[in-house]
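What follows is a single structure, written as structure tokens, with notes after it.
So you know, we letter chains A, B, ... as the sequences are listed, proteins then strands, and number each from 1. The model shown is predicted, which means the values in this text are computed figures rather than measured ones.
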Amino acid sequence: MHRTGELYGQFQTLEQQKESATLGMWTFLITEILFFGGLFMTYTINRHTYAQVFAFSSRTILLSWGAINTVVLIGSSLTMAMAVWSAQVGKKKLVTIFLILTLVLGTVFLGIKAVEYHDKYVEHHIPGLNFDMYYCTNNPSVCHLDDAALAREKKELKEAEDQSGSQVAVNAHSQLFFSLYFGMTGLHALHMIIGAGLLLWLIVESMKGRFTAQYNTPVENIGLYWHFVDIVWIYLFPLLYLIDRH
Amino acid sequence: MPEEHYLNATYGIRSWLLTTDHKRIALLYLASVTFFFFIGGIFATMIRIHLLTPQGYLVTPETYNKLFTMHGVAMIFFFLIPSIPAVLGNFLVPMMIGAKDLAFPKINLLSWYIYLVGGGFVLYSFATGGLDTGWTFYTPLSSVYSNSAVTPAVIGIFINGFSSILTGLNFVVTIHTMRAPGMTWFRLPLFVWAQYATSIIFILGTPVIAITLLLAGLERMFHLGFFNPALGGDPILFQHLFWFYSHPAVYIMILPAMGVISEIIPTFTRKPIFGYAFIAGSSIAIAVIGFLVWAHHMFLTGESTYAALAFSLLSYLVAIPSAVKVFNWTSTLYKGSISYDTPMLYALGFIGLFLIGGLTGLFLACLGLDIHIHDTYFVVAHFHYIMVGGAVMGYVGGLHFWWPKITGKLYPEFLARMAAVILFVGFNLTFFPQFILGYLGMPRRYHNYPPEFQVLNVMSTAGASILALGYLLPMLYLTWSMRYGKVAGENPWPATGLEWRTPSPPPTENFDVTPVVDWEPYDFKNRPDLGLATPTGPALSPAHGDD
Amino acid sequence: MTAISGFFGEVRVSEHIVSPKLYILIFAALMVLTGTTYFAAQVDLNQYFAALNIIVALVIATCKAILVILFFMHAKYSSKRTKLIIISGFFWLAIMLSLTLGDYASRSWDVH
């Protein structure tokens, strides 16, 4: 087991090793662009085909949670960048502090996501699991709908029926939205969980004082991964939460 | 033969299963891709036997669907795609650039294990009901209606995708950062250029098939509706996503083979390759333009006429860099000192068969013509000419060419040349009749056919038995040569390239001292260090295994 | 610091240390952009121009992404090779999106 910071056998110099590691991480992130890209492609076609149902379905997700999560995640990118800076200027204790902050913010994000997913479960908006867009209008108290919201939702369901043709069709088409919602945010959350694991490892290593101005490649490269996950969310937020809020 | 080399440096099963030596990993892959070649070959045998009679007497129609599906899945994902990159690429890329190993040796080993896990899922699928959707997994058959073991299969292929991605990532980083001093991009062997181009496709294409099959699998498991029209989904969307990878995948299969040919031809013509920069550039061009043609697989399934026009035009464009290569290889032969060693026989066969396969691709890219020959045996013949006549011959030829380096032994030359000829004859007898069958209208993926097509089908099956012999012979004599073959020496052909400056087999670290490169590639005149002709000395003739 | 010869000329493996001030400035910009997209979604922009809402949302998201890539991910201070790799990734996604959407968009052009 190599200690971080040592020269691995296949490399000639530490420069080469660092360059390889960073190039490797960037190349991996490119594969992630295409991986998420398939989902974005599916989303694009389906949103175009079912514009009204997608807009209506999007409105049943609480906007404030999404907005807070966006702020939280961008904040965690800031703390991650600060962790890299701390390592670059040799402030070892700060590295650990900023890494912990990043992990905390990431956990807050995941916690909010868990709340959102629970809400969707309660409202019967989980595809493949007694999905029913009409559940909330039939059980307004469970879904926390006041009279005004209930009336609005009934009206939107009627409009959706006109667009899609029938109640069954409305359910099918909005299930598409929620499949994509869970698929995209779920895949994103999985990447965040992996990122959290990587951050934990970084925190442990940083507490041993391993990251210095001369050697901080893991912090930088895991930082690249973390920022990428942030960028995915930067696109998910408008696409899933802000379809039509007017 | 050297006393200590990578094969005997350490002993025991753990030293192989936990190796990070790129050369050992290459051999691990050699064993596993050969295994899947057998699996795919067994299905092919059953298909050809079944098609001996118009009504088909071997299997039921449902089972026939499973045969061609499993043949395709095994051959494409677990044999063709990994073959040259994971076997020859892994072995040679570090040596060709003067490095001790790839940039990420542990990830290299991980790639192999991921491949095994993916393969395991697919074998489980084969064993528990098989797969009847076609290797193309079109929806909603695969995601809704099929009663076969689709879910484990898509999981297996999904997992296997990461093996490809990591291999491609490893190659790209290695080629960028680990070239020896003096090894500039334009001094690289063309095989390395080919691996680089292939790796671009691995990196940019494979993630898309991964997410697509994941979505299809989720659809099947949870009754979602992405690609199911009954739930508002779109099967054409699946096809767009599927072919966005699967078309570039065919370039994954052919580019490395072209790289092999670019190494063999100069060696056995004993002169530099004609148009090095153009061959290098055309590899990149094929990789890039190959991403722009995918919907030519969808001309008849419902895309718009205008999209079809655009993709047809682009498909003609992608043929140009391939043609550039064929012209350059042929020009290399001109006024060369040609010797017909076994690798050269495979290379020459490749050029002819790839030409036929490639040109017939243009027939298919022509919209009006495709209406008649789409989904017929014409397509089957076309892609087998490229994948078998092209890619597999490149792979087998490459195995022969580098066999002395990999094992330190020579194979029996006369037998090897015979096997190459048998393979060539068997291949053409198998697949040329299929062009005619397709043109006459015999549909593909059908378990039966009109009686007037029987003669050609019988010819095809007869050819397949000869082809099988052509594959079996190398498996036997190559294995035999590992123990009983003549000692090869450092550079039996002789060939240029850094890998030929090491002992055969090479030591684990490849080079005791990092080489400093100050010569141009394929320079057969000025390399006395390789035993090649100097301007004043005589030309040396290559060694043969049974002289 | 060593220079390694690369396809795009010398690759200098050196560190450019971005100051915390700049990071905070970028963070502030990202917050402003987030707020803008949040409030823009509450306004019906589609009455002025077809699909203006989604266009605005995507433009803002892209600006945010560019800021994160350039400054948080240090792309601005990275080699040409790194920049090419980043651009290639997005370009390839654009290939997938545009050619596929081209198919869907041109379906209605057929005469019948």
Side-chain angles (χ1 to χ4, degrees), chain A residues 1-2 8-13 15-46 48-50 53-54 126-129 131 164-165 168-180 182-184 186-187, chain B residues 20 22 94 99-107 161-162 165-166 168-170 172-174 176-178 180-181 199-200 202-215 218-219 221-228 230-234 236-238 240-242 244-245 508-510 514:
Chain A
M1 191 60 205
H2 280 272
Y8 288 80
Q10 69 272 19
F11 293 112
Q12 303 290 317
T13 66
E15 314 299 329
Q16 193 185 43
Q17 181 169 305
K18 175 183 156 65
E19 196 199 351
S20 300
T22 307
L23 179 57
M25 178 53 81
W26 276 113
T27 310
F28 172 70
L29 293 179
I30 299 307
T31 71
E32 294 273 57
I33 294 180
L34 273 310
F35 191 56
F36 277 95
L39 280 172
F40 281 100
M41 180 82 251
T42 307
Y43 166 91
T44 307
I45 299 294
N46 281 300
H48 175 75
T49 313
Y50 302 115
V53 171
F54 266 50
I126 300 197
L129 193 77
F131 181 91
S164 294
V168 172
V170 167
N171 264 339
H173 301 166
S174 27
Q175 194 182 234
L176 277 172
F177 172 82
F178 282 101
S179 301
L180 282 163
F182 281 103
M184 293 165 96
L187 189 63
Chain B
T20 53
H22 65 102
K100 291 197 171 135
D101 206 310
L102 292 175
F104 309 117
K106 292 198 197 116
I107 290 183
F162 291 101
I165 290 173
L166 291 176
L169 191 151
N170 227 335
V172 163
V173 176
T174 303
H176 271 288
T177 65
M178 296 181 65
S199 301
I200 293 177
F202 273 141
I203 286 165
L204 293 169
T206 318
V208 179
I209 187 90
I211 192 72
T212 308
L213 289 179
L214 185 64
L215 287 175
L218 287 172
E219 176 164 310
M221 286 193 280
F222 300 114
H223 307 291
L224 308 176
F226 302 117
F227 310 123
N228 180 8
L231 292 175
D234 186 355
I236 308 296
L237 177 60
F238 175 86
H240 272 296
L241 289 168
F242 177 84
F244 183 83
Y245 163 75
T508 305
E509 340 66 66
N510 301 339
T514 307

Got a second to check how far A:L29's CG is from A:L34's CG, nearest 0.5 Å?
-> 12.0 Å
If you count heavy-atom pairs under 4.5 Å with chain A, which of B:Y245, B:F227, B:F104 comes out on top?
-> B:F104
Of the backbone (N, CA, C, O) and the side chain (C-beta and beyond), which part of A:L187 lies under 4.5 Å from a heavy atom of chain B, both, or neither?
-> side chain
Going by distance alone, is a donor N or O of one side chain under 3.5 Å from an acceptor N or O of the other, for B:N228 and B:H223?
-> no
Identify which part of A:Y50 has an atom lying under 4.5 Å from any heavy atom of chain B, answering side chain, backbone, both or neither.
-> side chain
Which one of A:S179, A:G183, A:S164, A:A172 has the most heavy-atom pairs closer than 4.5 Å to chain B?
-> A:S179
Given the options B:A230, B:A99, B:P105, which has more heavy-atom pairs under 4.5 Å with chain A than any of the others?
-> B:P105
Of all of A:G38, A:A21, A:G128, A:S20, which one pairs up most often with chain B through heavy atoms under 4.5 Å apart?
-> A:S20
Side chains of residues 202-211 of chain B: which donor-acceptor pairs under 3.5 Å do they make with residues two or more places apart or in other chains?
from, atom 1, to, atom 2, distance (Å)
B:T206, OG1, B:F202, O, 2.6

Report the option among A:I30, A:L39, A:N46 that has the most heavy-atom pairs separated by less than 4.5 Å from atoms of chain B.
-> A:L39
Side chain / backbone / both / neither for B:L241 at chain A, heavy atoms under 4.5 Å = side chain
Are the side chain of A:Q10 and the backbone of B:A103 linked by a donor-acceptor contact shorter than 3.5 Å?
-> yes
Do A:T49 and A:H173 touch side chain to side chain, with heavy atoms closer than 4.5 Å?
-> no
Where does A:I45 contact chain B at under 4.5 Å (heavy atoms): side chain, backbone, both or neither?
-> side chain
Determine yes or no for a side-chain-to-main-chain donor-acceptor pair under 3.5 angstrom, with A:Q175 supplying the side chain and B:L224 the backbone.
-> no
Below 4.5 Å from any heavy atom of chain A, which atoms of B:L231 appear? Answer side chain, backbone, both or neither.
-> both
Kindly give the heavy-atom pair with the smallest separation between A:L176 and B:G232, and that separation in Å.
-> CD1-O, 3.7 Å
For B:I236, enumerate each residue passing the side chain to side chain contact (heavy atoms under 4.5 Å, CB included) test, keeping only those at least two apart in sequence or located in another chain.
-> B:D234, B:Q239, B:H240, B:M298, B:T301, C:D103, C:Y104, C:R107
Does any heavy atom of chain B fall under 4.5 Å from the side chain of A:Q12, the backbone, both, or neither of them?
-> side chain
Can you tell which of B:E509, B:E219, B:M178, B:M221 has the highest number of heavy-atom pairs within less than 4.5 Å of chain A?
-> B:M178
By a 4.5 Å heavy-atom criterion (distance strictly below it), what part of B:T514 contacts chain A: side chain, backbone, both, or neither?
-> side chain
So how far is it from B:I165 CD1 to A:F28 CZ, rounded to the nearest 0.5 Å?
-> 8.0 Å
